[in-house]
Amino acid sequence: MNKNIAVIRGDGIGPEIIEQALRVLDKISELYGHTFRFTDVDMGGCAIDKWGNPLPDEMLEKCVKSDSVLLGAVGGNKWNDVPSNLRPEKGLLRLRAGMGVYSNNRPAKIWKQLSDASPLKKSIVDKGIDFIIVRELIGGIYFGEHKTENDTAIDVLKYSESEIERIGRIGFETARKRNKKLCSVEKSNVLDSSRLWKKVMHRLAKEYTDIELSDMLVDNCAMQIVKDPSQFDVIVTENMFGDILSDEASMITGSIGMIPSSSLGATKCGLYEPIHGSAPDIAGKDIANPIGTILSAAMMLRFSFDMEKEAASIENAVSAFLDSGYRTADIMSDGMTLVGCRKCGDIIVEKIKK
Ligand code: IPM
Ligand code: MG
């Protein structure tokens, strides 16, 4: 198959981790006879420096016209003082909205090789951690009106029934492919938007009678994720709650550096990115963990290109890397072999088998 992939290296560690993911994709194309064409797209701080805009129109257009987008990370202290509507993160939000990718899928799964890297007690980890957060990505407070007037700042949190329904359906469908348990997370004891959220989820539940739906308040959910993560199969939640809970969920699996994500909308053209940030403090030192990005590339092959075998080859290579005792700094433990970003890429590429 021929596929055009828009590649956003971005800022901080973005370029280093993307480089490893591209080498992995090259190896897949060589083994399976595909052609992946990569087109560089500027977004984030580097685009502000070059174009005075975190995502110029023609860059967004390249992404929308591609078969999918692979993104490293954007942002950094260097751009803290630019006006808020030109921040690097605005480029990312504009990209998500411009591509219409409303459904963000963030897995929290512990690799058996990394059970001792989790900050949770062994007795909790041993019960198993394997759930998915389905996060609404292009609505809510991120996209409501933002303004500051004198000593007062306002951010509007707004959801319509149709916005809730389309992400709710993804939650139910995701649960249907797994253990058929869906937990809808909101703050319906305080927020109108959450009461609407809950109402829509229960209306949908009548169509998905094979799925067990439960409700949980977001503060309780934050607690339950560390108390007993084995209770969760699929969590569906709004944009900002999903942002916060997915950082928490990633940490209990050992490291945020390991977690990939996919974002999809109405078409097969998706946005794939690790869930961590640009980590400017470790940029250029060859110590970042590229695995979240490499696994995001695997998700792209599976969800956007229907290349299940190819995706599994990448995931198996990551598992083989861990089995051989290699670790990047963020997941390092006693008796393991410490490797840098590039070396991690070398070893994973070498372990990819058809
Ligand atoms: C994420 C990030 C972004 C978000 C930032 C960089 C805008 O934290 O992808 O989780 O809040 O969505
Ligand atoms: Mg986040």
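When a ligand or atom number is given, it counts from 1 through the structure's own listing order. Just so you know, these numbers use all the heavy atoms, side chains as well, and skip hydrogens, waters and symmetry mates.
No option in Thr253, Leu120, Asp130, Val125 other than Leu120 meets the side-chain contact (heavy atoms from CB on, under 4.5 Å) test with Pro229.
Taking backbone and side-chain atoms together, Asp247 has no N/O/S atom less than 2.8 Å away from the Mg ion (ligand 2).
With Tyr208 as the aromatic partner, Arg176 does not meet the cation-pi criteria of under 6.0 angstrom to the ring centre and within 45 degrees of the ring axis. Geometric assessment of Lys354 against the ring of Tyr32 yields a positive cation-pi assignment under the 6.0 Å and 45° thresholds. A cation-pi arrangement, defined by a distance under 6.0 Å to the six-membered ring centre and an angle within 45 degrees of its axis, is present between Arg135 and Tyr142.
Scanning all protein heavy atoms for the shortest distance to atom 2 (C) of ligand 1 gives Asp243 OD1, 4.0 Å. Among protein heavy atoms, the minimum distance from atom 1 (C) of ligand 1 is reached at Arg106 NH2, 3.4 Å. In this structure, the protein non-hydrogen atom closest to atom 4 (C) of ligand 1 is Tyr142 OH, 3.5 Å.
Looking at Asp243, its N, O or S atom nearest to the Mg ion (ligand 2) turns out to be OD1.
Contacts with ligand 1 closer than 4.0 Å are made by no heavy atom of Arg87, backbone or side chain.
Inclusion of Glu89 in the set of residues having an N or O under 3.5 Å from an N or O of ligand 1 is not warranted.
No salt bridge links Arg169 with Glu173; every basic N to acidic carboxylate O contact stays at or beyond 4.0 Å. Of the charged side-chain nitrogens involved, at least one lies within less than 4.0 Å of a carboxylate oxygen, so that Glu161 and Arg203 count as a salt-bridged pair.
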(request) Determine, step by step, whether Gln224 and Asp228 satisfy the side-chain hydrogen bond (donor to acceptor under 3.5 Å, both in side chains) criterion, reporting the C-alpha distance in whole Å, the side-chain angles of both residues, the deciding distance to 0.1 Å, and the verdict. (result) CA-CA 6 Å; Gln224 297 297 335; Asp228 179 16; over 6 Å; no

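Within ligand 1, counting atoms from 1 as listed, the ones closer than 4.0 Å to a heavy atom of Arg96 are 1 (C), 4 (C), 9 (O), 12 (O). For ligand 1, the atoms closer than 4.0 angstrom to any heavy atom of Arg135 are 1 (C), 4 (C), 9 (O), 10 (O), 11 (O), 12 (O).
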